[in-house]
Every structure is written in C-alpha cells, then in structure tokens.
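Just below is one structure, and these are the notes that go with it.
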Amino acid sequence: MKNLFAWASIDENGHATGGVPGDQTGKEVKIGYYYNFGQNQVLRFKTVSVGRKAGKYAKALAKNNAIGYSQNQRHMLFNLAKENNWNFSKLKKALKKTKVNCDCSSFCSTVINLAFGKLVVGCDTTATITADALASGQFKNISVPEAQKKWHKGDMPLKAGKHIIMNV
C-alpha cells in the first residue's frame, strides 16, 4: 500500500501569495502520494501514538475546504487553532464559521500542536521547524532512506527553506 501525505502548496491563482482564505480549488491543501521535491531529512515523532494522531488530524484538515493557501496569510490556521486551545474538535467547529489560509510549514506546525494538545512548536517556516521540533525533545531527525523503509504516520519529509509534507 502506498503512503499518502498531506501538504499545502499553492493558492487558487497558482501563486504563493494573494489567495483568499479557504480552498477554492480543492487542491490548495491536499492529500497525495509521496513525491520528490529534494527533501533531505525527515522529522519523526518519538511517540508513535502522537504521530498517528498528527497524521489523522493532517488528513482531516487537508480535506477541509475552509483551509486554503497563502504565504502572506500563513498564520491564520495556526492562530485559529491557538485560539481554540489546540483542541481539534473546537478547531473543526471554528472552521465551519471561518475560512483561513496557511502554508506548508504553518500547516505542519499547527498539526504538531494539535496532536499534543498544547503549544510545542511556534508557527515555524521550513527553515526553522527542524530546530524548533528537535528542541522540544518530542522529535528525532532521520534520513530519508531510513524513513522510506517504513514510513510512520506523522513523518514529515522536508527540505529546509523549501517545502514540508506529512504522512497521513
């Protein structure tokens, strides 16, 4: 069975910025098969059950068309989750009333915090998420070839400064 991953990648106009909140195309935040974007590391949850929860939450959020993509509005999903005390059920209810945007790294940062039910990492970029996640003590950094032998739910392949996705 192929592994599926969730990610945020491009707004409804095919740009990184300027999109309106929410997923207009159904493809701004999506689920798809693993692909090569030059990733050179994988963040893995140390606690398997938390990684599974993260994968489950990432999948549900990627399917929610209230969440779209825009780098200049990347904090919207993170802030809404924070306002709802990192409670996934409360966030789902809030998303019925509010449309938001994110980018790939703020999407993963939000999911991480939801999985723990508390603030563990900030609204990171792909340049800062590795250091922040490792500093939390909740993650390990493994090689892509090691991860590819057996993906774990919640695994986050990334290339710093470029892109990050999450195994769902």
Side-chain angles (χ1 to χ4, degrees), residues 4-32 35 37-43 45 51 53-88 90-136 138-139 141 154-168:
L4 294 174
F5 290 77
W7 66 87
S9 61
I10 203 78
D11 76 14
E12 67 273 14
N13 301 308
H15 299 97
T17 61
V20 298
D23 193 337
Q24 277 53 242
T25 65
K27 296 179 181 177
E28 294 179 50
V29 182
K30 63 184 177 182
I31 298 168
Y35 66 100
F37 54 86
Q39 54 272 49
N40 54 13
Q41 60 183 304
V42 176
L43 288 172
F45 287 85
K53 188 184 291 186
K56 177 182 169 184
Y57 290 169
K59 187 175 187 178
L61 293 176
K63 289 181 176 182
N64 189 323
N65 286 334
I67 305 167
Y69 183 92
S70 183
Q71 283 182 350
N72 62 340
Q73 297 173 328
R74 65 185 300 277
H75 294 89
M76 292 176 78
L77 175 62
F78 186 92
N79 288 340
L80 187 61
K82 183 179 177 181
E83 288 169 21
N84 285 280
N85 298 312
W86 306 111
N87 181 299
F88 183 72
K90 289 181 180 179
L91 175 62
K92 278 189 356 180
K93 288 178 186 174
L95 288 167
K96 290 180 181 179
K97 300 174 186 173
T98 307
K99 290 185 177 184
V100 297
N101 278 331
C102 65
D103 68 2
C104 63
S105 54
S106 67
F107 177 80
C108 288
S109 296
T110 300
V111 170
I112 288 167
N113 293 328
L114 289 168
F116 285 102
K118 64 181 182 179
L119 183 68
V120 174
V121 297
C123 192
D124 285 299
T125 67
T126 54
T128 61
I129 196 166
T130 298
D132 205 11
L134 294 176
S136 76
Q138 301 294 330
F139 296 86
N141 193 350
D155 278 358
M156 292 170 277
L158 72 127
K159 180 166 184 172
K162 185 172 180 185
H163 192 46
I164 186 168
I165 62 179
M166 183 178 284
N167 183 285
V168 299

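In this text, all values refer to a predicted model and were calculated from it rather than measured experimentally.
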Closest heavy-atom pair and its distance - [X], [Y]:
X: Cys102; Y: Ile67; result: SG-CG2, 3.8 Å
X: Cys104; Y: Ala8; result: CB-O, 3.3 Å
X: Val29; Y: Leu61; result: CG1-O, 4.5 Å
X: Met156; Y: Cys108; result: SD-CB, 4.0 Å
X: Phe37; Y: Pro157; result: CZ-O, 3.6 Å
X: Val100; Y: Leu95; result: CG2-CD2, 3.8 Å

Distance (rounded to the nearest 0.5 Å) between [X] [atom1] and [Y] [atom2]:
X: Leu91; Y: Leu80; atom1: CG; atom2: CG; answer: 5.5 Å
X: His163; Y: Gln39; atom1: NE2; atom2: CD; answer: 8.5 Å
X: Leu43; Y: Gln138; atom1: CG; atom2: CD; answer: 12.5 Å
X: Ser70; Y: Met76; atom1: OG; atom2: CE; answer: 9.0 Å
X: Ile10; Y: Gln71; atom1: CD1; atom2: CD; answer: 8.0 Å
X: Lys30; Y: Ile165; atom1: NZ; atom2: CD1; answer: 11.0 Å

Quiz item: Are Leu77 and Ser106 close enough, and set up right, to give a side-chain contact (heavy atoms from CB on, under 4.5 Å), and what steps lead you there?
Solution: CA-CA 8 Å; Leu77 175 62; Ser106 67; 5.8 Å; no
Between the side chain of [X] and the main-chain N/O of [Y], is any donor-acceptor distance below 3.5 Å?
X: Thr126; Y: Ile164; result: no
X: Asn64; Y: Ala66; result: yes
X: Asn113; Y: Val121; result: yes
X: Asn84; Y: Phe88; result: no
X: Glu12; Y: Val20; result: yes

Self-check item: Residue among Asp103, Asp11, Thr17, Asn101 satisfying side chain to side chain donor-acceptor pair (under 3.5 Å) with Gln73
Solution: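 With Gln73 as partner, Asp103, Asp11, Thr17, Asn101 yield a single side chain to side chain donor-acceptor pair (under 3.5 Å), made by Asn101.
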Self-check item: Side chain to side chain, Ile31 and Lys59, heavy atoms closer than 4.5 Å
Solution: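 Sidechains of Lys59 and Ile31: in contact.
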Exercise. Return the set of residues passing salt bridge (charged side-chain N to carboxylate O under 4.0 Å, His left out) with Asp155 (not counting sequence neighbours), or none when no residue passes.
Key: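 With neighbours one apart ignored, the set is Arg44.
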Practice problem: Give a yes or no on whether the ring-centroid distance for Trp7 and Tyr35 is below 6.0 angstrom. | Solution: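 That pair passes the under 6.0 Å test.
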Self-check item: Any pair counted as salt bridge (charged side-chain N to carboxylate O under 4.0 Å, His left out), so long as it reaches residues 107-120, sequence neighbours left out
Solution: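 Listed once each, the pairs would be none.
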Quiz item: For residues Asp132 and Thr128, is any side-chain donor paired with an opposing acceptor at under 3.5 Å?
Solution: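 No - no donor-acceptor pair under 3.5 Å links their side chains.
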Practice problem: Check the side chains of Ser105 and Arg74 for a donor-acceptor pair under 3.5 angstrom, ignoring hydrogens and angles. | Solution: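 Yes - a donor-acceptor pair under 3.5 Å links their side chains.
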Quiz item: Passes side-chain contact (heavy atoms from CB on, under 4.5 Å), Ile129 versus Ile112? Steps please.
Solution: CA-CA 11 Å; Ile129 196 166; Ile112 288 167; 4.2 Å; yes
Practice problem: Anything under 30° is parallel, anything over 60° is perpendicular, the rest tilted; go ahead and classify Phe45 against Phe139. | Solution: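 Plane angle between 30° and 60°, so tilted.
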